[in-house]
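Read the structure below first, then the notes.
All ligand and atom numbering here is 1-based and tracks the order in the structure.
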Amino acid sequence: MYPFAYTRPADTRAALAAGARGGRYIAGGTTLVDLMRETVERPGTVVDISGLPLRDIRMTGDGLRIGALASMAEVAAHPRVRSAYPLIAQALELSASAQLRNMATIGGNILQRTRCTYFRDVSAPCNKRQRGSGCAALEGYNRSHAILGTSDACVATHPSDLTVALAALDARVHLLGPDGERAVALTAFLLRPGETPDREHDLRPGELITAVEIPPHPAPLRSGYLKVRDRQSYEFALTSAAVVLHVTGGVIRDARVAAGGVGTVPWRLTAVEKRLNGERPSERLWARAAAVAADGARPLRHNAFKAELLRRTVERQLRTVGGTR
Ligand code: SF4
């Protein structure tokens, strides 16, 4: 570890002032401390925001609002989350370890950085760590990397399970910064790498996430999250699928499907959704919709299997959530 300054502001205003001076926010610390130890990140000042009043989980006129500093464990256990949005609880419980879920916050989960091993190895070229230095994963071992949303500059996946569920639920991210408050759709907030993979989100200087909001959804709503990984505990997704279906009168009125483990950001499968909307649930429909799950995929040398695995993951989860009749 190297020397850095630490400050713990008494209120949000003081935190924003410290952030505006270039301080790096820290809450649970489950990502940043690791990256500082590995010297991947070297902030001069760390601004500890864990004491700010941003832990509330409550229903509002605009839906469910989850404070950015609520821990993953708190959110997963919250009765309102479990009853209204069980998809979120499922995604959280399949993430990380129990110890990490007790520490890690919802805001930090969204902002967590990739698990690409070359990103965390400061001796390897990495455009995300240092723009223009190259990408060791392109010609290296890339079994766990992305097949959707990639660029010639970066092929790293976004590692979060929660954001896949939030993408399927059309969540919005609430932000507060020197210029005031704003809200952005989660799917617009997280950025594809393009030519600037070091720019991962639409967070302006000094801004912090204050909350995540999930809009109301029509009832009845069926949903579920499936995660496929090399081992059943403490492992990142090879593929995952969040499925949300609103079915009335035997017809799918609204389908939302998102995938994880395959995209540089949580990936909405709009082609799958298009095939589902207006149709009657059936085995044939699930297969037909899942067939386009990997449309547009650009597999790498070691991860071509992900396209077929994604198709199977989506089909299985459509069947689990939608049933057969
Ligand atoms: Fe870096 Fe992205 Fe390449 Fe990994 S895939 S080495 S994060 S540029």
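- Metal site remark for atom 1 (Fe) of ligand 1: C126 contributes an N, O or S atom at a distance under 2.8 Å.
- One side chain, S50 or R8, offers a donor N or O that lies under 3.5 Å from an acceptor on the other.
- Note on C116: not counted as a metal contact of atom 3 (Fe) of ligand 1, no N/O/S atom lying under 2.8 Å.
- In terms of protein heavy-atom proximity, atom 5 (S) of ligand 1 is nearest to V155 N, 3.3 Å.
- The protein non-hydrogen atom at the shortest distance from atom 3 (Fe) of ligand 1 is C135 SG, 2.3 Å.
- For ligand 1, the atoms sitting less than 4.0 Å from at least one non-hydrogen atom of Y118 are 6 (S), numbered in the order shown with element in parentheses.
- For the 3.5 Å distance criterion, the side chains of T248 and R253 qualify, holding a donor opposite an acceptor.
- The two residues Q112 and F236 come nearest to each other via the heavy atoms OE1-CE2, 4.4 Å.
- Protein heavy atom closest to atom 2 (Fe) of ligand 1, with residue, atom name and distance, is C154 SG, 2.3 Å.
- Side-chain N/O atoms of T60 and D62 include no donor and acceptor closer than 3.5 Å.
- Atoms of ligand 1 found under 4.0 Å from any heavy atom of A153 (numbered from 1 in listed order, with element): 8 (S).
- Because its NZ or CZ atom is not both nearer than 6.0 Å to the ring centre of F119 and within 45° of the ring axis, R113 does not count as a cation-pi partner of that residue.
- Every atom of ligand 1 is numbered from 1 in the order shown, and the set under 4.0 Å from a heavy atom of F119 is 7 (S).
- A156 and T114 get closest at one heavy-atom pair: CB-OG1, 3.4 Å.
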